[in-house]
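Accompanying notes for the structure given below.
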Amino acid sequence: MSIVQVALDVPLPRTFDYRTTDATAEDVGRLVLVPFGPSRRVGVIVGLSQTSRVEPERLRAVLRIVRSRPPLPPETLDLCRFCSRYYHHPLGEVLLSALPTALRRAHGTSLSAPVFFRLTAAGAARAGEALPRSAVARRALLDRLQAAGTLADSDIRGASARRALRALLAAGWVSSSDQPAHESGTPEPAEPASGVEAGPRLTCGQAAAVDVIKASLGGFQTVLLQGITGSGKTEVYLRVLETALAAGGQALLLVPEINLTPQLEARLAERFGAARLVTLHSGLAEGERLTRWDRAASGRAGIVAGTRLAVFTPLPRLAVVIVDEEHDASYKQQEGLRYHARDLAVFLGRQRGVPVVLGSATPSLETYRQAEAGRYRRLTLETRASGQPPAVRILDVHGMVLDNGLSPALAGALADNLARGEQSLLFLNRRGYAPTLLCPACGWVAPCHRCSARLTVHVPGRRLRCHLCGHHEAVPSACPACGSQDLRALGEGTQRLEQVLAARLPAARVVRIDRDATRRRGAFRALRDRIDANDVDVLVGTQMLAKGHDFPNLTLVGVLGADLGLMAADFRAEERLFALLLQVAGRAGRGDRPGQVLVQTAYPAHPLFAALQAQDYDGFARGQLAARQASGFPPFLHQALLRAEAPDEHTVFNFLGEAARRAGPLPDGLVVYDPVPASPARVAGRWRGQLLVQCAARGPLHRLLDVWLPRLPEHRVHWSIDVDPVEV
Ligand code: ADP
Ligand code: ZN
Ligand code: ZN
């Protein structure tokens, strides 16, 4: 008999021992079905042993080891172990959240290999044909199969979809298999050179950066590629990929946002051919995600591009890791396992002995400091690949009465740009129509009854919406406090701006791009296509527009509400605001025509705006770092945040108070602060508080967490630990 150590998706910081008769070292990394309490669970075998601390008669037996699939490779297990240790999160939860969902499902009582469906040749040939009107469900399923390639059994839900599936199987249009894709085991053949783009002549800066990175292939090194917006960082990545692929390697390319993947996917496919590429993001059907994961894990896909979760993909021939827009906050997961994909990417590079390229026009101050200290190699791109950086002007609107948020100067520039037939962007980082509904008679402001937040007025359906918890209700016809019928929507959101522009510039084609306008699948892409086709004159949008997009026809960027970001309490607020503004500004003038950027502010003397006008990220970053060093903030210190939430405030603070006491006598340099309310203090009916732990060195901080977290009191709170928090 031998014993397997199994990591399970349960919130306990340990593995579980099970009996088995036939497990071998080959099974480490395999999925396994085991009994757990009264139920059954899927886990991952992380080790074998001959002995257990559990008495032999109490050891339960493994139900089944899944040998129809390859095990997770040891490197991926090690990455997950590191992640578990560093973020103080149970290994089982780390491992199982790293796996595609299709693998995690314990189907009923047995872990049968998941079943996958694809169109047969007959199905593909006839997928475009008209079906009778009664065949809506069959049509829909055919369309989905055609779009996704593969669907897992678990992707096809609902009685009518299941009926349609049976009909299509019976007709021979769809086939089933226990493999998501047909395995071949060998790398995808290189595309013939014809049909694959060669790429432009590199600028001097690009060529130098490419040379350095290529020379670093084959060993671990972290490179900061700091290139101004439009300097052609992507082109540098592509050249590095080319070399890595030509040598038979695989590349991992992380991007911050799912909306950026189609544009990138198109560019990569154009250069390398679609067959060598997979993209991975949370928007994929389960079956398709597993198919792609398998193509990466078997080494057949050369390029794996994806959002933060892609960092866990097994890549047997990994040669280089690239993190685009490395400063982006979305690399940090903000719930459950709070990992930072950029930091894991650096671990991965060291583990696998491959270079890691961190690209950004506005590097995070953490990364910037590493470069200043010489631990990361800094490469800079100081000119645009074509054209000039935009001219930035700061508009002082202090004391001005604005017309729906627009200053005369910005309104005039917009009209001029429209008259020239050029595209403009108005940036306002606040969705909805207005952030406040106010009763001027008594001062009442519409609150969310579940959160410490105001409700935002939304035009469609005249609703009040809470941006924290999603609660919505009708706009009241009278003030609930005093009965006055004169309620006012105060302040500007993107919906109001869109309306105002449509009224002021009737000839302009105005589109709004924010979370509301792009919620529907494919909506963002459709808007992007219109922008590219020059079918849009004015874009109104939130920070969704700031991220890495290349809009070649855009020549004017106007920034409203820049001051919103100045008021935040978080010590990173300025860093975030500056990066955001510089990124938005960088959308202007990326084509042949020069760009201009107008930024409205009531605080034109704030040093941030001087740096923005000069587009001087280095000056800004050095100033911020000096201030943080002087007053003791990251990256000069390391932090962990104990977060707690519960339905009532007392429970939260009793827990945090007791937790602080149990931290015990602290070694020199470690500080545990008093519990404070989180910001916002209440979300969806739950009160939230936090406790900050800080130390100049990582070692003592992690040692404290190791002994402290198991000692936390058993209160009825939901708590979590956030190592290297980005929002405090
Ligand atoms: P970044 O990511 O640095 O902001 P991009 O990689 O999006 O910049 O490049 C900006 C634009 O410049 C793109 O349209 C790209 O096709 C173009 N470009 C990049 N490199 C070159 C080059 N060497 N010559 C001409 N155009 C280039
Ligand atoms: Zn709410
Ligand atoms: Zn009132």
Side-chain angles (χ1 to χ4, degrees), residues 197-210 225-240 253 255-256 260 263-264 266-268 270-271 322-328 357 359-363 379-390 437-456 463-473 476-488 532 546-554 582-592 595 680-686 688:
E197 293 274 322
R201 237 183 90 101
L202 297 181
T203 64
C204 291
Q206 285 174 322
V210 168
L225 179 62
Q226 186 183 343
I228 63 167
T229 56
S231 57
K233 293 182 286 295
T234 313
E235 190 57 43
V236 173
Y237 308 152
L238 296 178
R239 298 299 168 103
V240 173
L253 174 52
V255 291
L260 283 171
Q263 198 182 7
L264 180 72
R267 233 168 131 181
L268 290 168
E270 189 175 283
R271 192 66 64 87
I322 298 170
V323 184
D324 190 25
E325 312 288 353
E326 70 85 33
H327 63 278
D328 199 283
V357 180
S360 177
T362 54
L379 303 172
T380 54
L381 303 177
E382 282 158 7
T383 55
R384 280 201 164 175
S386 61
Q388 291 298 311
L437 184 70
L438 171 81
C439 170
C442 75
W444 174 85
V445 165
C448 177
H449 63 282
R450 307 170 70 209
C451 306
S452 28
R454 293 173 177 180
L455 293 174
T456 300
R463 306 296 289 173
L464 292 173
R465 291 183 179 276
C466 175
H467 288 181
L468 292 178
C469 74
H471 163 78
H472 54 98
E473 59 191 56
S477 53
C479 170
C482 75
S484 161
Q485 296 195 341
D486 174 30
L487 294 178
R488 307 242 173 103
D532 284 346
K547 299 191 175 186
H549 296 289
D550 198 23
F551 300 120
N553 307 314
L554 189 72
L582 203 57
Q583 295 281 352
V584 184
R587 300 312 111 200
R590 291 166 73 96
D592 309 331
R682 189 165 165 261
V683 174
R686 297 174 72 83
R688 306 162 354 126

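In this chain, numbering begins with 1 at the start of the sequence shown. All ligand and atom numbering here is 1-based and tracks the order in the structure.
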Nearest non-hydrogen partners of G199 and R271, listed with the distance
CA-NH2, 3.3 Å
For ligand 1, which atoms sit closer than 4.0 Å to a heavy atom of R201?
22 (C), 23 (N), 24 (N)
Hey, does H549 sit under 4.0 Å from ligand 1 if you only count heavy atoms?
no
I'd like to check the side-chain contact (heavy atoms from CB on, under 4.5 Å) partners of A207; sequence neighbours left out, ordered by chain and number.
L202
Return the OH to CG distance between Y237 and D324, rounded to the nearest 0.5 Å.
3.5 Å
Side chains of H471 and R450, donor plus acceptor under 3.5 Å:
no
To the nearest 0.5 Å, what is the distance between CG (L381) and OG1 (T229)?
11.5 Å
Looking only at heavy atoms, is any part of S231 under 4.0 Å from ligand 1, and if so is it the side chain, the backbone, or both, or is it neither?
both
Hey, is the main chain of G359 close enough, under 3.5 Å, to the side chain of K233 for a donor-acceptor pair?
no
Under the 3.5 angstrom rule, does the side chain of R384 hit a backbone N or O of G589 as a donor-acceptor pair?
yes
With nothing but distance in play, are any N or O atoms of G232 less than 3.5 Å from an N or O of ligand 1?
yes
Quick check: does D550 get an N/O under 3.5 Å from an N/O on ligand 1?
yes
Sorted by chain and residue number, the side chain to side chain donor-acceptor pair (under 3.5 Å) partners of R688 (sequence neighbours excluded) come out as none
Considering only heavy atoms of T229, which atoms of ligand 1 have at least one such atom less than 4.0 Å away?
4 (O)
Within the side chain of S484, is there an N or O that forms a donor-acceptor pair under 3.5 Å with the backbone of D486?
yes
Taking 2.8 Å as the distance threshold, tell me the number of protein N/O/S atoms next to the Zn ion (ligand 3).
4
Nearest to atom 18 (N) of ligand 1 by heavy atom, A385, P552, C204: which?
A385
Is there a donor-acceptor pair under 3.5 Å between the side chain of Q206 and the backbone N or O of G232?
yes
Any N or O of T234 closer than 3.5 Å to N or O of ligand 1:
yes
Determine the minimum heavy-atom distance between A684 and C451, stating which atoms define it.
N-SG, 3.2 Å
Test item: S360 side-chain N/O and E326 main-chain N/O as donor-acceptor pair under 3.5 Å
no
Has the side chain of R463 got a donor or acceptor atom that lies under 3.5 Å from a matching backbone atom of T456?
no
Closest heavy-atom pair and its distance - P447, L455
O-CD1, 3.2 Å
What protein N/O/S atoms are there under 2.8 Å from the Zn ion (ligand 2), waters excluded?
C448 SG, C451 SG, C466 SG, C469 SG
So the atoms of ligand 1 within less than 4.0 Å of a heavy atom of T203 turn out to be 23 (N)
N/O to N/O below 3.5 Å, does that happen between G230 and ligand 1?
yes
Under 4.0 Å from ligand 1, counting heavy atoms only, is it the side chain of Q583, its backbone, both or neither?
neither
Close side-chain approach of P480 and W444, heavy atoms under 4.5 Å:
yes
